[in-house]
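Here's the structure, in structure tokens; my notes come after.
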Amino acid sequence: MLYSMTGFGRSEQTIRDKNYLVEIRSLNGKQFDLRLTIPALLKPFEFEVRNLLSENLLRGSVECVIQIKFNGSVRPVTINTDLARSYYEPISRLAEELKIDTGDILSTLVKLPDVIVPASESLSDDEWNECKKVLLEAIAQLNQHRLNEGAALEKDLLSRVDHIEQGQKEIAVLEPERRIRMKEQLRKLLEEQVGKDMYDTNRLEQELIYYIEKIDISEEQVRLSNHCAYFRTVLAEADLSKGKKLSFILQEFGREINTTGSKANDVGIQQVVIRMKDELEKAKEQVLNIL
């Protein structure tokens with residue numbers, strides 16, 4: 001079971017006089033990186049909001065926007081009387097100079113910037129609990145989106161591992177032919193340089209055994225098989241966050257595949273190694289998306 005780091009969650013609910021809207025987006029990221037936008041009403045609970053997001057989302061570049069709106073005309077306001085007075089005095093003097101009626105001056109004052117402002121307040125504990133439920137619902141939606149994306153990633157990764165294991169089977173078929181070909185090449189070279197009857201056959205066999213052991217790739221192939229099996233085991237684990245572990249395992253894939261290619265000294269095997277490297281690089285790109 002895999003979770004992608006990419007996801008989206010949205011939840012909206014109206015409770016009594018307030019409408020709560022939460023939208024969360026998540027993209028790839030090495031660590032948990034949060035951009036949070038919340039209204040002033042929610043500032044006293046910002047720490048709890050951040051903790052909820054961190055504990056439930058674990059990794060990724062996350063953007064969360066929370067909006068709280070009052071329904072109808074219920075929203076409380078205050079009048080900035082000091083600012084209104086500072087507006088009134090020059091306006092009334094100007095009206096006297098211009099001999100303009102000041103009967104409607106109050107209606108003008110209340111329309112001036114910042115004279116009437118929303119009342120500064122915070123949510124009560126009960127209202128915060130209501131808001132938290134909406135936040136958790138958005139988080140749950142995002143994680144479900146991540147799980148759906150993760151299923152597609154898992155299918156693709158298993159396909160890549162299958163192709164790498166298929167490459168191993170091809171190498172196993174080519175390996176005996178490689179040994180025979182190398183032995184014949186060395187024998188032919190000696191016959192050309194020294195003469196057919198001028199070298200010790202037993203000594204040649206000993207040197208061949210030593211040389212073939214130096215370029216033997218059986219250990220690399222065994223380790224690569226073990227890495228493939230471990231990769232599948234980790235994929236099946238219940239842990240939510242396993243992207244880093246899978247990335248480390250793929251690094252081990254690369255070591256064994258690269259060593260196989262450098263030791264092969266065989267065109268057929270090296271062609272298979274190139275295909276395996278291609279599958280490995282595609283798997284590495286996909287693992288970057290995993291939580």
Side-chain angles (χ1 to χ4, degrees), residues 1-6 28 146-190 204-291:
M1 181 176 64
L2 289 183
Y3 282 82
S4 169
M5 275 191 282
T6 303
N28 301 347
R146 281 179 159 187
L147 182 59
N148 296 339
E149 292 282 331
L153 289 175
E154 183 172 1
K155 183 179 179 180
D156 185 80
L157 286 170
L158 287 172
S159 172
R160 304 298 173 195
V161 175
D162 285 342
H163 291 158
I164 290 172
E165 290 177 325
Q166 180 59 40
Q168 286 190 280
K169 292 177 182 178
E170 295 178 31
I171 289 173
V173 172
L174 295 171
E175 172 63 5
E177 298 174 4
R178 179 187 75 128
R179 289 173 177 265
I180 295 171
R181 196 158 45 246
M182 291 169 59
K183 184 176 180 179
E184 291 302 319
Q185 287 173 353
L186 286 172
R187 192 186 302 279
K188 183 178 179 181
L189 181 62
L190 279 173
L204 173 61
E205 293 295 334
Q206 292 174 3
E207 293 296 331
L208 280 171
I209 292 171
Y210 174 76
Y211 179 68
I212 289 174
E213 284 179 350
K214 293 288 288 183
I215 59 172
D216 180 61
I217 58 174
S218 59
E219 289 186 11
E220 286 76 15
Q221 292 304 294
V222 169
R223 286 196 293 266
L224 181 56
S225 294
N226 292 337
H227 295 328
C228 288
Y230 185 45
F231 190 88
R232 294 176 186 276
T233 299
V234 173
L235 279 180
E237 289 176 353
D239 293 347
L240 296 182
S241 182
K242 59 184 80 171
K244 289 182 180 179
K245 185 186 289 187
L246 292 173
S247 180
F248 294 148
I249 299 171
L250 288 181
Q251 289 179 25
E252 297 302 317
F253 275 43
R255 289 190 180 92
E256 307 307 335
I257 293 172
N258 287 334
T259 306
T260 297
S262 62
K263 283 185 173 183
N265 195 26
D266 181 88
V267 173
I269 292 179
Q270 286 172 335
Q271 288 176 347
V272 176
V273 165
I274 289 172
R275 295 203 304 270
M276 294 167 76
K277 285 183 177 180
D278 182 50
E279 295 296 334
L280 177 61
E281 289 305 311
K282 291 175 181 176
K284 285 181 176 179
E285 290 176 6
Q286 294 290 49
V287 164
L288 293 176
N289 298 320
I290 295 173
L291 184 62

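- Residues that satisfy the salt bridge (charged side-chain N to carboxylate O under 4.0 Å, His left out) test with Lys244, not counting sequence neighbours, are absent from this structure.
- A donor-acceptor contact shorter than 3.5 Å is absent between the side chain of Ser247 and the backbone of Gly243.
- With hydrogens and angles ignored, the 3.5 Å screen pairs a side-chain donor or acceptor of Thr259 with a backbone N or O of Arg255.
- Residues in residues 259-283 take part in no ring-ring contact (aromatic ring centres under 6.0 Å, His included) pair, two or more places apart or across chains.
- In this view, Glu154 satisfies the side-chain hydrogen bond (donor to acceptor under 3.5 Å, both in side chains) rule with no residue, not counting sequence neighbours.
- Looking at residues two or more places apart in sequence or on another chain, you find a side-chain hydrogen bond (donor to acceptor under 3.5 Å, both in side chains) between Arg232 and Asp162, Glu165.
- Pairs passing the ring-ring contact (aromatic ring centres under 6.0 Å, His included) check and including a residue from residues 240-291, sequence neighbours excluded, read Phe231-Phe253.
- For Arg223, the salt bridge (charged side-chain N to carboxylate O under 4.0 Å, His left out) partners at least two apart in sequence or on another chain are Glu219, Glu220, Glu256.
- Under the ring-ring contact (aromatic ring centres under 6.0 Å, His included) criterion, no residue pair touches residues 256-291, with sequence neighbours excluded.
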Show me the side-chain donor-acceptor pairs of residues 269-276 shorter than 3.5 Å, one per line, residues at least two apart or across chains.
residue: Arg275; atom: NH2; partner: Glu170; partner atom: OE1; Å: 2.4
residue: Arg275; atom: NH2; partner: Glu170; partner atom: OE2; Å: 3.2

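- For Lys242, there are no side-chain hydrogen bond (donor to acceptor under 3.5 Å, both in side chains) partners at least two apart in sequence or on another chain.
- For Glu279 (side chain) and Val161 (main-chain N/O), no donor-acceptor pair under 3.5 Å exists by modelled atom type.
- Remark: Glu237 pairs with Lys245 by the salt bridge (charged side-chain N to carboxylate O under 4.0 Å, His left out) rule, at least two apart or across chains.
- Atom CD1 of residue Ile164 and atom OG of residue Ser225 lie 11.0 Å apart, to the nearest 0.5 angstrom.
- Residues forming a salt bridge (charged side-chain N to carboxylate O under 4.0 Å, His left out) with Arg146 (at least two apart in sequence, or on another chain): none.
- With sequence neighbours left out, Asn148 forms a side-chain hydrogen bond (donor to acceptor under 3.5 Å, both in side chains) with Gln144.
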